[in-house]
Amino acid sequence: MANYTFGEIDNVKEGDSFSDRKALREAGIHLALVAGIDGNQSVGASSIVLNGGYVDDLDLGSEIIYTGQGGNDANTKRQVADQKWTLGNKALLVSEMSGLPVRLTRGFNHKSEFSPKSGYVYGGLYRVTDHFEEKGKDGYTICRFRLEKINSFENSLQIGKPAVPELFTTSERVATTVLRIIRDTKLSKRVKELYDYKCQVCGIQISVKGIKYAEGAHIKPLGNPHKGEDKLGNLLCLCPNHHVMFDKGVFTIHPSEYSLIGIGGELTFDHKKHVLDQENLKYHQEHIFINH
DNA sequence: GGGCCCGCAGGG
DNA sequence: CCCTGCGGGCCC
């Protein structure tokens with residue numbers, strides 16, 4: 001059993017170059033010589049390599065949409081089969097749940113403005129913030145992960161410093177076991193008031209001295225690559241637990257019958273004032289709901 | 001530059 | 001023990 005180290009490695013800093021995978025291994029950054037995901041299903045993933053092995057990869061610098069492993073033809077680098085939520089993909093899921101950082105190394109084979117021309121460059125620490133399923137460019141199901149760079153702001157949250165006030169105007173960063181972004185727009189306030197801050201799944205209302213708390217949950221997620229809209233038909237009023245369960249794909253909502261799939265109970269909602277977008281529900285069922 | 005195959009390390 | 005994986009070198 002290999003001993004995986006999480007976080008920064010002594011004597012290696014962001015931007016350091018390595019000639020090949022063997023050098024990366026010797027530095028202690030990434031142990032596997034071929035596989036792009038280091039780690040296992042019990043401790044999670046400690047490191048990944050982004051090197052053009054999968055055509056659907058997207059590198060935006062501080063945000064990466066990474067393709068999981070499997071179903072890939074070693075010679076053509078194209079998908080020839082569906083991927084599954086096993087092996088390294090499961091390790092990345094474990095990392096998403098634990099919130100432990102994942103080292104990122106970029107290789108010369110991936111073409112982006114952040115990739116090196118030759119060899120491998122250590123790119124710092126990232127957190128797995130999201131996972132979903134997609135049909136890749138080659139027509140097969142791929143497991144995908146959103147990784148977000150851990151910056152000084154997020155590190156400051158880790159040691160309990162208060163968040164920067166101006167960020168509260170559009171979004172509120174909340175440190176939980178897994179870092180999430182809870183947007184508190186006028187719309188999400190509206191959906192909460194519509195249900196009097198009661199969770200549409202379990203009915204619980206969180207209230208302290210009459211001050212109520214609930215979360216506005218987007219059905220089709222905002223941000224890349226989903227690009228869901230911030231509109232009432234794309235929002236639910238949920239308690240924190242059911243918000244996490246919904247976002248992580250534990251349950252979904254039937255696009256036309258509005259029944260709950262994956263957990264018991266039924267969704268309460270105001271058919272007149274709150275028209276749920278069926279396309280977005282379909283999107284959630286196909287891409288986010290993986291508990292099948 | 002593309003195809004091919006040998007490789008190792010580690011997980012299951 | 002077998003299998004797989006975002007290498008890599010060598011051939012053409």
Side-chain angles (χ1 to χ4, degrees), chain A residues 1-6 9 12 14 16-61 63-98 100-126 128 130-149 225:
Chain A
M1 196 75 92
N3 190 17
Y4 292 107
T5 306
F6 288 78
I9 299 296
V12 177
E14 198 177 317
D16 282 358
S17 298
F18 302 87
S19 56
D20 54 21
R21 289 288 295 265
K22 207 172 164 213
L24 266 184
R25 174 185 167 80
E26 280 160 11
I29 293 283
H30 192 97
L31 302 184
L33 292 172
V34 178
I37 303 169
D38 232 8
N40 60 41
Q41 298 179 26
S42 74
V43 298
S46 57
S47 170
I48 60 169
V49 175
L50 183 68
N51 193 27
Y54 293 79
V55 292
D56 297 287
D57 283 337
L58 182 64
D59 189 355
L60 302 169
E63 182 185 27
I64 287 160
I65 309 294
Y66 191 74
T67 308
Q69 63 185 201
N72 192 274
D73 185 278
N75 295 323
T76 63
K77 306 291 181 199
R78 310 298 298 210
Q79 290 304 114
V80 292
D82 290 341
Q83 293 187 343
K84 296 174 193 164
W85 295 97
T86 57
L87 302 170
N89 300 341
K90 199 166 178 183
L92 279 169
L93 274 186
V94 171
S95 292
E96 180 184 344
M97 296 297 183
S98 72
L100 285 177
V102 180
R103 287 185 296 278
L104 172 83
T105 303
R106 293 183 173 89
F108 65 101
N109 277 320
H110 190 253
K111 304 305 172 200
S112 84
E113 58 178 303
F114 309 101
S115 309
K117 289 191 178 69
S118 65
Y120 297 83
V121 172
Y122 174 57
L125 299 179
Y126 283 70
V128 185
D130 199 9
H131 67 267
F132 48 95
E133 281 182 14
E134 267 189 319
K135 282 270 184 269
K137 287 174 181 162
D138 294 328
Y140 293 94
T141 300
I142 52 174
C143 299
R144 311 211 77 191
F145 300 88
R146 178 200 316 283
L147 290 112
E148 292 179 50
K149 196 162 199 311

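Numbered from 1 within each chain, the chains take letters A, B, ... in sequence-line order.
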### A:N75 vs A:N40, nearer the 5' end of DNA chain B by closest nucleotide
A:N75
### Message
Assuming nearest nucleotide by heavy-atom distance, tell me which of A:T76 and A:N3 is located more 5' along DNA chain B.
### Response
A:T76
### Task
Please determine if A:D56 and A:R144 form a salt bridge, counting it only when a charged side-chain N lies under 4.0 Å from a carboxylate O.
no
### Summary
Here the helical stems involving DNA chain C, each at least 3 consecutive Watson-Crick or G-U pairs closer than 3.5 Å, sorted by first residue number, are B:1-6 with C:7-12, B:8-12 with C:1-5
#### Entry: Any donor-acceptor N/O pair under 3.5 Å between C:dC6 base and A:N72 side chain
no
First locate atom [atom1] of [X], then atom [atom2] of [Y], and finally report the distance between them rounded to the nearest 0.5 Å.
| X | Y | atom1 | atom2 | value |
| --- | --- | --- | --- | --- |
| A:F145 | A:I64 | CZ | CD1 | 13.5 Å |
| A:L31 | A:S47 | CG | OG | 8.0 Å |
| A:K90 | A:L92 | NZ | CG | 13.0 Å |
| A:D59 | A:L104 | CG | CG | 7.0 Å |

### Summary
In short, A:L33 meets A:K22 closest at the heavy-atom pair CD2-CA, 3.9 Å
Send over the distance from [X] [atom1] to [N] [atom2], rounded to a whole Å.
| X | N | atom1 | atom2 | value |
| --- | --- | --- | --- | --- |
| A:R106 | C:dG7 | CZ | P | 15 Å |
| A:K84 | B:dG12 | NZ | P | 14 Å |
| A:L104 | C:dC6 | CG | C1' | 12 Å |
| A:R78 | C:dG5 | CZ | C1' | 19 Å |
| A:L58 | C:dC6 | CG | P | 18 Å |
| A:K77 | B:dG3 | NZ | C1' | 12 Å |
| A:K90 | B:dG12 | NZ | P | 9 Å |
| A:L24 | B:dC8 | CG | P | 19 Å |

### Query
Stepwise, does the side-chain contact (heavy atoms from CB on, under 4.5 Å) test hold for A:I29 with A:T105?
CA-CA 8 Å; A:I29 293 283; A:T105 303; 3.5 Å; yes
#### Entry: Members of residues 31-39 of chain A that approach DNA chain C, where some heavy atom sits under 4.0 Å away
A:L33, A:V34, A:A35, A:G36, A:I37
### Query
Are any of A:N109's side-chain N or O atoms less than 4.0 Å away from OP1 or OP2 of C:dC6?
no
### Task
Establish, with yes or no, whether the OP1 or OP2 oxygen of B:dG10 is under 4.0 angstrom from a side-chain nitrogen or oxygen of A:R25.
yes
With heavy atoms under 4.0 Å as the rule, sort [X] into base, sugar-phosphate or nothing.
| X | value |
| --- | --- |
| A:L50 | base |
| A:G52 | base |
| A:G88 | nothing |

### Message
Pair A:K84, A:C143 - check side-chain contact (heavy atoms from CB on, under 4.5 Å), show working.
### Response
CA-CA 7 Å; A:K84 296 174 193 164; A:C143 299; 5.7 Å; no
### Query
Do A:Y120 and A:N51 get their side chains close enough for a donor-acceptor pair, meaning under 3.5 Å?
yes
#### Entry: Nucleotide nearest A:Y120 (side chain, heavy atoms from C-beta), chosen from B:dG11, C:dG8, C:dC6
C:dG8
### Query
Out of B:dA9, B:dG12, C:dC6, which has the shortest distance to the side chain of A:Q41?
B:dG12
### Query
Heavy atoms, side chains only, cut-off 4.5 Å: are A:R103 and A:V12 in contact?
no
